[in-house]
Amino acid sequence: MTTLKREPIKYIRDFIKKHYKKPDCCYICSSTEKLELHHLYGLSELFNNWCDANKIVIDTEEDIIAARVTFYNDCVDKLSNDHLYTLCSPHHKLLHSIYGQRYANSMVPKVTNWLNIKKDKHKQLNYKQN
């Protein structure tokens, strides 16, 4: 058995990122500079809750590699591109300055609302300037 060399969540991220389709501009302002991905649902919280619910203990690399496919399949709705936003670095930092670096998954509706409000305000501002 191989001991974990990294945090378990890093194995999860490495596995699921192949499923992501990263848009080429910021969701809010359409910038194409310094783009970053934002998961609406925190992977750590999802994974920890999933492990607790399924009584799964992760002690080794083999444990996490065996669990990550099932975790992804069980949580695919929250891990899908529907809950992944591409944001420019300034908007991503702004979001986290308001909601914290790690917000609870119960905050997802508020964060989604904030993203849509910021996008609409940006559109209105651009419309008025043109």
Side-chain angles (χ1 to χ4, degrees):
M1 288 202 207
T2 310
T3 58
L4 289 168
K5 297 175 185 157
R6 310 181 290 161
E7 294 281 324
I9 203 65
K10 294 189 183 221
Y11 292 87
I12 299 291
R13 279 193 182 107
D14 288 349
F15 176 74
I16 64 173
K17 68 181 170 184
K18 67 183 175 197
H19 299 283
Y20 295 145
K21 294 174 185 84
K22 182 179 173 184
D24 57 359
C25 65
C26 176
Y27 177 78
I28 295 171
C29 68
S30 300
S31 172
T32 58
E33 303 290 318
K34 298 180 183 176
L35 299 177
E36 302 171 356
L37 290 177
H38 178 75
H39 297 91
L40 277 181
Y41 289 93
L43 292 175
S44 294
E45 184 179 341
L46 282 175
F47 184 66
N48 291 337
N49 290 344
W50 179 84
C51 285
D52 290 346
N54 292 285
K55 296 176 178 42
I56 293 174
V57 176
I58 304 295
D59 290 323
T60 67
E61 273 192 22
E62 290 83 4
D63 293 339
I64 190 67
I65 289 169
R68 66 186 181 181
V69 173
T70 306
F71 165 71
Y72 177 77
N73 290 334
D74 288 352
C75 299
V76 70
D77 58 325
K78 291 180 177 157
L79 298 172
S80 75
N81 281 300
D82 293 339
H83 300 291
L84 183 73
Y85 287 82
T86 298
L87 300 173
C88 64
S89 182
H91 280 123
H92 198 202
K93 286 177 183 165
L94 180 60
L95 182 151
H96 284 295
S97 74
I98 294 168
Y99 293 100
Q101 190 57 35
R102 289 189 178 182
Y103 56 83
N105 286 339
S106 61
M107 295 293 294
V108 167
K110 286 185 178 188
V111 174
T112 303
N113 189 51
W114 181 87
L115 286 162
N116 290 324
I117 288 170
K118 291 300 277 182
K119 181 178 183 173
D120 289 344
K121 284 184 179 180
H122 193 272
K123 278 183 184 177
Q124 289 173 358
L125 181 63
N126 280 345
Y127 180 76
K128 287 178 183 177
Q129 289 177 351
N130 292 331

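Positions are given from 1, in the same order as the sequence printed here. All of these numbers come straight from a predicted model, not from anything done at the bench.
Partners of H39 by side-chain hydrogen bond (donor to acceptor under 3.5 Å, both in side chains), not counting sequence neighbours, listed by chain and number: Y20. Take R13 and apply the side-chain hydrogen bond (donor to acceptor under 3.5 Å, both in side chains) test, not counting sequence neighbours, and it matches no residue. Take Y27 and apply the ring pair (Phe, Tyr, Trp, His ring centres under 6.0 Å) test, not counting sequence neighbours, and it matches Y85. Residues satisfying the side-chain hydrogen bond (donor to acceptor under 3.5 Å, both in side chains) test with Y72, not counting sequence neighbours, are none. Residues satisfying the side chain to side chain contact (heavy atoms under 4.5 Å, CB included) test with C75, not counting sequence neighbours, are W50, F71, L79. Looking at residues two or more places apart in sequence or on another chain, you find a side-chain hydrogen bond (donor to acceptor under 3.5 Å, both in side chains) between E36 and S89, H92. The ring pair (Phe, Tyr, Trp, His ring centres under 6.0 Å) test applied to H83 returns Y41, not counting sequence neighbours.
Sorted by first and then second residue, the salt bridge (charged side-chain N to carboxylate O under 4.0 Å, His left out) pairs with a member in residues 69-96 form an empty list; sequence neighbours excluded. Among residues at least two apart or in separate chains, salt bridge (charged side-chain N to carboxylate O under 4.0 Å, His left out) pairs with a member in residues 52-62 are K5-E61. The side chain to side chain donor-acceptor pair (under 3.5 Å) pairs that include a residue from residues 98-113 are H38-Y103, where partners are two or more places apart or lie in different chains.
Between C88 and C26, the closest heavy-atom pair is N-SG, 3.3 Å. The nearest pair of heavy atoms linking L37 to T86 is CD2-OG1, 3.5 Å.
Atom-to-atom distance recorded for L95:CG and K118:NZ is 10.0 Å, nearest 0.5 angstrom. The structure places NE2 of H96 at 11.0 Å from CD1 of I98, a figure rounded to the nearest 0.5 Å.
Using a distance-only test at 3.5 Å, with no hydrogens or angles considered, no donor-acceptor pair links the side chain of N48 to the main chain of E45.
When hydrophobic clusters are built by joining Ile, Leu, Val, Met, Phe, Trp and Tyr residues whose side-chain heavy atoms come closer than 4.5 Å, directly or via intermediates, L35 is not grouped with L115. Follow the hydrophobic side-chain contacts under 4.5 Å out from I117 and you never reach L87; the two are in separate clusters. Using a 4.5 Å cut-off between side-chain heavy atoms of Ile, Leu, Val, Met, Phe, Trp and Tyr, with links allowed through other members, I56 and V69 fall into the same hydrophobic cluster.
Remark: of the listed residues I64, I16, D63, I64 is the sole one forming a side chain to side chain contact (heavy atoms under 4.5 Å, CB included) with Y11.
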